Amino acid sequence: MDRLVAIEELRRLQARLCRLASERDWPAVEELFLPDGRFRAFAADGALTCFADGPGIGEAIDRALGAGTLIVRAFGEELDVLSDARAEGRCSIEDLLFIGNRERVIHGFGWLSVAYRRDGRHWRIRSAEFTRIAREHR
């Protein structure tokens, strides 16, 4: 039962991450990470496109994205609870960035691999690595 509760808590954490990123609420995104958390993003060709160690993860993601309306969706979670305080997960990510008056759209797909740690009563993100597998511009 504890494992199922932990998996549900991790799914809710992932949903908050997507919602807060879509709202571009970077201070709230930052709160989902441990103070010494880490974020890395890689382009489809393997190039490192964004990196940050906490604090400052939200600001780094904002700078890497630039202006626009962002939509982030996660699905197909694979979550493994390793202990009372450690878990790992991977999910598919789809993101859309509408630029200007929505006349330009960047549509991306990839994987998010996450290491979670329990911080007191709550799960938080220790590290997150986004690997883009495809991106289209319209």
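Being a predicted model, the structure only gives us computed values, none of them experimental.
- Considering only residues two or more places apart in sequence or on other chains, Glu136 meets the salt bridge (charged side-chain N to carboxylate O under 4.0 Å, His left out) condition with Arg138.
- Residues passing the salt bridge (charged side-chain N to carboxylate O under 4.0 Å, His left out) test with Glu94, sequence neighbours excluded: Arg73.
- Legend: side chain to side chain donor-acceptor pair (under 3.5 Å) pairs involving residues 29-46, not counting sequence neighbours, sorted by first then second residue: Arg40-Asp53.
- Between the OG atom of Ser92 and the CD atom of Glu78 there is a distance of 7.5 Å, given to the nearest 0.5 Å.
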Show which side-chain atoms of residues 113-121 pair as donor or acceptor with protein atoms under 3.5 Å away, not counting sequence neighbours.
residue: Arg118; atom: NE; partner: Asp84; partner atom: O; Å: 2.9
residue: Arg118; atom: NH1; partner: Arg121; partner atom: O; Å: 3.3
residue: Asp119; atom: OD2; partner: Arg124; partner atom: NH1; Å: 2.7

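- When the side chain to side chain donor-acceptor pair (under 3.5 Å) test is applied to Arg132, the partners found at least two apart in sequence or on another chain are Asp95.
- Taken to the nearest 0.5 Å, the CG atom of Leu97 stands 7.5 Å off from the OG1 atom of Thr69.
- Counting all heavy atoms, side chain and backbone alike, Phe33 lies closest to Gly37 at CD2-CA, 4.5 Å.
- Within the structure, ring-ring contact (aromatic ring centres under 6.0 Å, His included) pairs that include any residue of residues 54-112 comprise His107-Phe109 (at least two apart or interchain).
- Cluster membership check: Phe42 shares its hydrophobic cluster with Phe51, using side-chain heavy-atom separations under 4.5 Å among Ile, Leu, Val, Met, Phe, Trp and Tyr.
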Enumerate, atom names and distances included, each donor-acceptor pair closer than 3.5 Å involving a side-chain atom of residues 54-66, sequence neighbours excluded.
residue: Asp62; atom: OD1; partner: Arg24; partner atom: NH2; Å: 2.7
residue: Asp62; atom: OD1; partner: Trp26; partner atom: NE1; Å: 2.9

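- In this structure, Arg135 has no side chain to side chain donor-acceptor pair (under 3.5 Å) partners at least two apart in sequence or on a different chain.
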Using atom types as modelled, flag every donor-acceptor pair under 3.5 Å from a side chain in residues 2-22 to any protein atom, sequence neighbours excluded.
residue: Glu9; atom: OE1; partner: Trp123; partner atom: NE1; Å: 3.1
residue: Ser22; atom: OG; partner: Cys18; partner atom: O; Å: 3.0
residue: Ser22; atom: OG; partner: Val72; partner atom: N; Å: 2.8

